[in-house]
Asker: 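Got a structure for you, written out below as structure tokens; questions coming shortly.
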Amino acid sequence: MKRVIQSAIAAVTLLSSAAFAQQTLLQEISESGELRACFDAGYMPFEMKAKNGQFIGFDIDLGKQMARAMGVKYVPVNTAWDGIIPTLLTGKCHLIMGGMTITPQRNMQVNFADPYVVIGQSILLSPKLEGKVTSYRDLNSDQYTVVTKLGTTGEGAIKRYIPKAKVNLFETQSEAVLEVTNGKADAFIYDLPFNAIYAAENQGQLTHLDQPFTFEPLGWAVRQGDPDFLNFLNGYLRQIKGDGTYDRIYDKWFKDDAWLKQVQ
């Protein structure tokens, strides 16, 4: 009987600990008065560093709005993309709010809230290939060199859809796309929003094949084992999409170019 009682007490203790752990992150945010959001600045128009040193962008505004709704301060945590998941897992930020595509591989490390926007990979092409290359299929040859940012879904798309092409990877998307502009590569594979803005700002230097050839839902990522925080994020997303807040922020960054003067 004594063992039964001890086992019951141990089971209750474990359940209580699990319940407490599920609430820890929301409690931590509330008690600290901060919502720390990870991103890698430089992904237009999601997160960028303005000329005045401040971080601006679609994700930044969504994060600030979320923090305001929680009654806490928004704290940006800019970090290198290849270390962004470890930064989250070690507790240096509460969530990744930085244009992260939901993939099975990433989902094995983190949990994702419902997608908040859907994008895809498009192609910025050397003008000399205009008319000759009309889709990603035409680039699938060892006569072409394609570039993208290391560790992104652009890299994954190249491996899957353009495996025969020569590939060069770079630390930033800016370095990669300059290879095409400078004639050192034939095509830059990257997310449609960035490519659309870059092509508009560099007319005549690149040809944009703007039909996405992948389906990529973007989601906010959190550490695993915290259903309460996921529930909050999904509820918050439904709220801002229903009350017009999301559309207002989206239109500011995707349907207007007034913000460009802040980064140029």
Side-chain angles (χ1 to χ4, degrees), residues 35-68 73-84 87 93 95-101 116-125 127 147-155 169-182 184-185 187-210 212 216 218 220 240 245-264:
L35 175 65
R36 300 192 304 275
C38 281
F39 56 83
D40 181 6
Y43 181 27
M44 297 189 296
F46 289 86
E47 40 271 330
M48 303 159 285
K49 194 169 186 178
K51 289 185 291 187
N52 63 5
Q54 294 184 343
F55 295 110
I56 62 171
F58 180 56
D59 284 327
I60 307 298
D61 278 3
L62 287 175
K64 289 180 177 179
Q65 188 69 31
M66 182 186 295
R68 189 177 300 116
K73 178 184 177 182
Y74 172 80
V75 178
V77 182
N78 186 29
T79 188
W81 186 255
D82 58 359
I84 201 166
T87 299
C93 63
L95 78 167
I96 296 173
M97 207 171 189
M100 177 169 278
T101 304
Y116 68 101
V117 68
V118 176
I119 62 167
Q121 297 296 301
S122 69
I123 301 169
L124 288 179
L125 189 69
V147 294
T148 192
K149 182 179 178 181
L150 177 70
T152 63
T153 50
E155 180 183 355
L169 303 175
F170 294 83
E171 288 294 326
T172 69
Q173 57 268 48
S174 298
E175 290 177 292
V177 74
L178 279 175
E179 290 290 291
V180 182
T181 303
N182 295 333
K184 298 179 180 179
F188 172 68
I189 311 297
Y190 203 61
D191 298 346
L192 173 63
F194 178 91
N195 285 355
I197 294 167
Y198 194 92
E201 291 303 295
N202 296 273
Q203 294 184 20
Q205 299 184 47
L206 298 162
T207 298
H208 188 201
L209 303 184
D210 61 0
E216 299 182 25
L218 306 187
W220 302 325
I240 62 173
T245 301
Y246 179 92
D247 287 341
R248 175 177 55 79
I249 297 174
Y250 183 93
D251 290 350
K252 172 184 175 181
W253 295 102
F254 289 92
K255 295 185 178 181
D256 194 343
D257 63 359
W259 55 267
L260 282 170
K261 60 186 179 182
Q262 298 182 60
V263 296
Q264 295 178 338

Asker: Does Trp81 use its side chain to pair, donor to acceptor, with the backbone of Thr152 at less than 3.5 Å?
Answerer: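 No; judged by distance alone, with no hydrogens or angles, the pair does not exist.
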Asker: With a 4.5 Å heavy-atom cut-off, do Tyr198 and Gln173 have their side chains touching?
Answerer: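 Tyr198 does not reach Gln173 side chain to side chain.
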Asker: Return the CG to CG distance between Leu124 and Asn195, rounded to the nearest 0.5 Å.
Answerer: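 Here the interatomic distance stands at 3.5 Å.
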Asker: List for me each residue that meets side-chain hydrogen bond (donor to acceptor under 3.5 Å, both in side chains) alongside Thr153, sequence neighbours excluded, and say none if there are none.
Answerer: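 Partners of Thr153 by the side-chain hydrogen bond (donor to acceptor under 3.5 Å, both in side chains) criterion, ordered by chain and then number, come out as Gln121, Glu216.
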Asker: Closer than 3.5 angstrom, by distance alone: can the side chain of Tyr250 be matched with the main-chain N or O of Phe58 as a donor-acceptor pair?
Answerer: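 No, Tyr250 side chain to Phe58 backbone: no donor-acceptor pair under 3.5 Å.
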Asker: List the residues meeting side-chain hydrogen bond (donor to acceptor under 3.5 Å, both in side chains) with Thr181, not counting sequence neighbours, and say none if there are none.
Answerer: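 With neighbours one apart ignored, the set is empty.
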Asker: Taking the side chain as C-beta and beyond, is there a heavy-atom pair between Met97 and Tyr116 under 4.5 Å?
Answerer: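 They are not in side-chain contact.
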Asker: State, to 0.1 Å, how close Ala41 and Asn78 come at their nearest heavy-atom pair, and which atoms those are.
Answerer: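 So the two residues come closest at N-OD1, 2.9 Å.
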Asker: In terms of the angle between their ring planes, are Trp259 and Trp253 parallel, tilted or perpendicular, with boundaries placed at 30° and 60°?
Answerer: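 Answer is tilted, since the angle falls between 30° and 60°.
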Asker: Not counting sequence neighbours, which residues clear salt bridge (charged side-chain N to carboxylate O under 4.0 Å, His left out) with Asp191? List them please.
Answerer: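 For Asp191, no residue satisfies salt bridge (charged side-chain N to carboxylate O under 4.0 Å, His left out) once neighbours in sequence are set aside.
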Asker: Report the residues that fulfil side-chain contact (heavy atoms from CB on, under 4.5 Å) with Ala196, sequence neighbours left out, ordered by chain and then residue number.
Answerer: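 In terms of side-chain contact (heavy atoms from CB on, under 4.5 Å), with neighbours along the sequence ignored, Ala196 is linked to His208.
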Asker: Among residues at least two apart in sequence or on other chains, which ones pass side-chain hydrogen bond (donor to acceptor under 3.5 Å, both in side chains) with Arg248?
Answerer: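 side-chain hydrogen bond (donor to acceptor under 3.5 Å, both in side chains) list for Arg248, sorted by chain: empty.
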Asker: How would you list, by chain and number, every residue that makes a salt bridge (charged side-chain N to carboxylate O under 4.0 Å, His left out) with Glu155, sequence neighbours excluded?
Answerer: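 Glu155: salt bridge (charged side-chain N to carboxylate O under 4.0 Å, His left out) contacts with Lys159.
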Asker: Between the side chain of Lys184 and the main-chain N/O of Leu178, is any donor-acceptor distance below 3.5 Å?
Answerer: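 Here the side-chain-to-backbone pair does not exist.
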Asker: Sorted by first residue and then second, give each salt bridge (charged side-chain N to carboxylate O under 4.0 Å, His left out) pair with at least one member in residues 53-67; sequence neighbours left out.
Answerer: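 Every pair satisfying salt bridge (charged side-chain N to carboxylate O under 4.0 Å, His left out) with a residue in residues 53-67: Asp61-Lys252.
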Asker: Check side-chain contact (heavy atoms from CB on, under 4.5 Å) between Thr79 and all other residues, then give those that pass, not counting sequence neighbours.
Answerer: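 Thr79: side-chain contact (heavy atoms from CB on, under 4.5 Å) contacts with Ile84, Thr87.
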Asker: Can you pull out every salt bridge (charged side-chain N to carboxylate O under 4.0 Å, His left out) where at least one residue sits in residues 36-45? Sequence neighbours excluded, please.
Answerer: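 Residue pairs with at least one partner in residues 36-45: Glu28-Arg36, Asp40-Lys149.
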Asker: For residues Phe55 and Phe39, determine if any side-chain heavy atom of one lies less than 4.5 Å from a side-chain heavy atom of the other.
Answerer: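 Yes, close enough: below the 4.5 Å cut-off.
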Asker: Residues in side-chain contact (heavy atoms from CB on, under 4.5 Å) with Ala185, at least two apart?
Answerer: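 With neighbours one apart ignored, the set is Thr145, Val147, Glu179, Val180.
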Asker: Among all residues two or more places apart in sequence or in another chain, which pass the salt bridge (charged side-chain N to carboxylate O under 4.0 Å, His left out) test with Asp256?
Answerer: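 Scan of Asp256 (salt bridge (charged side-chain N to carboxylate O under 4.0 Å, His left out), adjacent residues dropped) gives none.
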Asker: In the structure I gave you, are the side-chain heavy atoms of Leu206 and Phe188 within less than 4.5 Å of one another anywhere?
Answerer: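 They are not in side-chain contact.
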Asker: Taking side-chain contact (heavy atoms from CB on, under 4.5 Å) as the test, write out the residues that go with Glu171, two or more places apart.
Answerer: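 Scan of Glu171 (side-chain contact (heavy atoms from CB on, under 4.5 Å), adjacent residues dropped) gives Asp82, Leu150, Glu175.
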